[in-house]
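First listed ligand is number 1; within each ligand, the first listed atom is number 1.
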Amino acid sequence: MTTPALLPLSGRRIPTLSPGASSFPHHRATLRLSEKFILLLILSAFITLCFGAFFFLPDNSKHKRFDFGLEDVLIPHIETEKESRHGSRQVIHGVGAHDEHRHREEEESLRDKIRADHERALQEAKEKLRKSKEELKAEIQTAKAKVSEDLKKKDGPKPLPPVPMPKLVGVNDGDPGDPDTKEKRDKIREMMKHAWDSYRQYGWGHNELKPLAKKGHSTNIFGNSQMGATIVDALDTLYIMGLHDEFKDGQEWIEQNLDFSVNAEVSVFEVNIRFIGGLLAAYYLSGQEVFKLKAVQLAEKLLPAFNTPTGIPWAMVNLKSGVGRNWGWASGGSSILAEFGTLHMEFVHLTYLTGNPAYYQKVMHIRKLLAKMDRPNGLYPNYLNPRTGRWGQHHTSVGGLGDSFYEYLLKAWLMSDKTDAEARKTYDDAIEAIERHLIRKSNGGLTFIGEWKNGHLERKMGHLTCFAGGMFALGADGSPDDKAGHYLQLGAEIAHTCHESYDRTVLKLGPEAFKFDSGLEAVAVRQNEKYYILRPEVIETYWYMWRFTHDPKYRQWGWEAAQAIDKHCRVSGGFSGVKDVYSSNPTYDDVQQSFFLAETLKYLYLLFSSDELLPLENWVFNTEAHPLPVLHLGNITLPGSESQR
Ligand code: DMJ
């Protein structure tokens with residue numbers, strides 16, 4: 001197994017992997033499929049060779065072909081060649097010394113070509129031999145799926161069917177009214193301008209920006225692609241802030257440059273939440289068709305990731321070949337709960353917009369499979385093996401690796417206009433188990449959510465986990481046994497704890513993870529947990545709490561965070577993460593994360609806007625803060641849903 005180099009990216013920990021590393025046992029019996037595949041390859045190499053020999057080997061055969069009466073086809077070609085070389089129409093009769101020399105050269109180059117073809121075929125066969133059984137299987141499955149897809153597409157891409165646009169309420173200015181709040185909101189818009197303009201100037205088209213080096217940046221979640229992640233992620237924030245020129249600029253780039261036929265291995269989860277979510281939100285807000293089309297084109301490229309024995313998707317997929325695989329560090333090559341469990345919102349919208357049942361069916365299949373599985377203590381482990389359908393290590397987290405799975409259960413219910421009762425029930429049951437096993441109060445009275453590891457509770461909470469305060473508040477209404485007040489209170493307690501994690505630092509910015517152990521409360525202990533990378537979760541919770549309570553402290557806390565970001569993370573080339581929030585002289589990590597524009601600045605802007613802007617009764621924010629409208633499906637049946645079959 002490879003050792004993960006854990007990079008602080010988004011919700012997930014992304015390792016550096018040695019490609020092809022596999023812990024798969026190569027038993028004789030299990031190799032049958034790949035043996036067949038290899039035999040097939042060798043056979044095809046041999047056929048290529050014969051084919052080459054037949055067509056390219058040399059003069060005798062050519063002369064014979066003249067005798068067979070193909071002159072009509074070939075001679076005019078030779079004449080034309082002659083004509084162009086010598087400027088006269090001569091037919092070749094007889095072979096002079098010069099011609100003989102030329103023939104020998106041609107023969108020589110044909111032989112070289114055949115040799116090269118042969119070597120290439122052998123090389124390909126060798127490469128196949130190096131692949132694991134799992135990779136070969138995935139390739140075969142993908143190739144099969146591609147053939148059937150191509151057959152279906154024979155008569156070209158079909159235009160998307162027109163569907164009724166969901167009711168779009170609250171796409172307005174959201175003027176907060178009072179001048180002080182308005183001033184704060186203007187400041188947030190100015191920060192967005194600075195982040196965008198810097199990216200526009202130094203990183204345009206790259207996924208992200210290095211604000212100190214003033215050049216483009218990309219992480220391995222986007223493979224080696226240049227897919228303009230920041231543009232796509234930022235679009236809806238630009239739109240709601242009224243930055244229309246910037247929005248247009250982004251739209252133009254997308255129209256002209258965003259191409260998914262790239263040989264890049266990307267994270268299915270990240271591409272879904274940032275790109276598909278971002279494009280869908282931009283489509284709904286602006287009504288521009290291009291965003292919908294691009295979202296659908298991209299979604300098609302993700303579908304091969306679901307070609308696994310269980311239908312639980314791979315974590316990564318190559319956009320060109322469709323070959324998928326998992327991170328080696330993820331409990332023996334498992335898929336990750338927060339990744340395969342964070343597709344539902346976008347995929348339901350894709351089926352709604354395209355009429356293609358595949359998206360809906362894929363995510364419902366995941367839900368059904370999970371429903372059938374045993375859960376230790378009612379908890380969902382973070383890892384699931386897509387080959388065996390069994391849980392990996394029994395680690396449970398409401399932070400990284402688990403977080404947005406729970407979020408999407410609740411949001412599936414909200415997005416269905418509260419008709420998806422199954423999603424709501426699954427959410428309620430999961431939260432009940434989380435409360436019982438993971439939520440505790442520290443000696444100092446701070447409520448925290450720990451992590452379940454190796455049979456005990458680790459008293460540590462991640463910055464990522466802080467989103468849960470907002471989730472509890474959002475789920476309060478509709479909770480069983482009339483526990484709405486309880487969940488709103490729980491949301492408030494988590495918001496308070498997370499604010500403490502900011503307040504107990506020098507920079508007034510929160511660390512990546514903080515402990516509740518041996519007298520230490522809400523502070524990071526390990527050096528590699530002291531960084532802040534422009535993450536949104538704490539501000540996200542302030543915003544939800546503000547919407548549900550209108551307690552002014554949430555605006556105050558949000559403003560403290562905004563000021564701290566502007567003071568400590570702003571540089572001339574954009575905004576950067578910092579490596580130690582407990583140091584008065586921190587160093588920068590030199591990355592302007594795309595989620596800073598998609599989420600952190602959007603939540604801040606909404607915090608200082610009126611509730612009329614994107615009301616929560618009509619919009620559900622995906623985990624990357626891209627707003628998607630509630631689908632009033634009461635009288636619409638999604639293709640592929642139970643009632644259709
Ligand atoms: C974002 O990409 C999403 O919010 C994701 O769900 C987890 N975290 C990052 C930002 O921290």
Student: Which one holds for Glu537 and ligand 1: side chain close, backbone close, both close, or neither close, with close meaning a heavy atom under 4.0 Å?
Tutor: side chain

Student: Using the benzene-type ring in the case of Trp, are the ring centres of Phe347 and Tyr360 under 6.0 Å apart?
Tutor: no

Student: Check this for me, if you would: do Glu458 and Lys453 make a salt bridge, where the nitrogen-to-carboxylate-oxygen distance has to be below 4.0 angstrom?
Tutor: yes

Student: Quick check on contacts: which atoms of ligand 1 are under 4.0 angstrom from a heavy atom of Pro536?
Tutor: 10 (C), 11 (O)

Student: Could you check whether Lys418 pairs with Asp477 (Lys NZ or Arg NE/NH1/NH2 to Asp/Glu carboxylate O, under 4.0 Å)?
Tutor: yes

Student: Decide whether a cation-pi geometry holds between Arg200 and Trp204; the criteria are a distance under 6.0 Å from NZ or CZ to the six-membered ring centre and an angle within 45° of the ring axis.
Tutor: yes

Student: Please identify which atoms of ligand 1 are closer than 4.0 Å to at least one heavy atom of Leu464.
Tutor: 7 (C), 8 (N), 11 (O)

Student: Is there side-chain contact between Met471 and Tyr544, with at least one heavy-atom pair below 4.5 Å?
Tutor: no

Student: Please list, in number order, the atoms of ligand 1 under 4.0 Å from a heavy atom of Glu599.
Tutor: 1 (C), 2 (O), 3 (C), 4 (O), 9 (C), 10 (C)

Student: Flag Glu624 as yes when one of its N or O atoms lies below 3.5 Å from any N or O atom of ligand 1, and as no otherwise.
Tutor: yes

Student: Can you name the atoms of ligand 1, numbered from 1 with element, that are less than 4.0 Å from a heavy atom of Arg535?
Tutor: 10 (C), 11 (O)

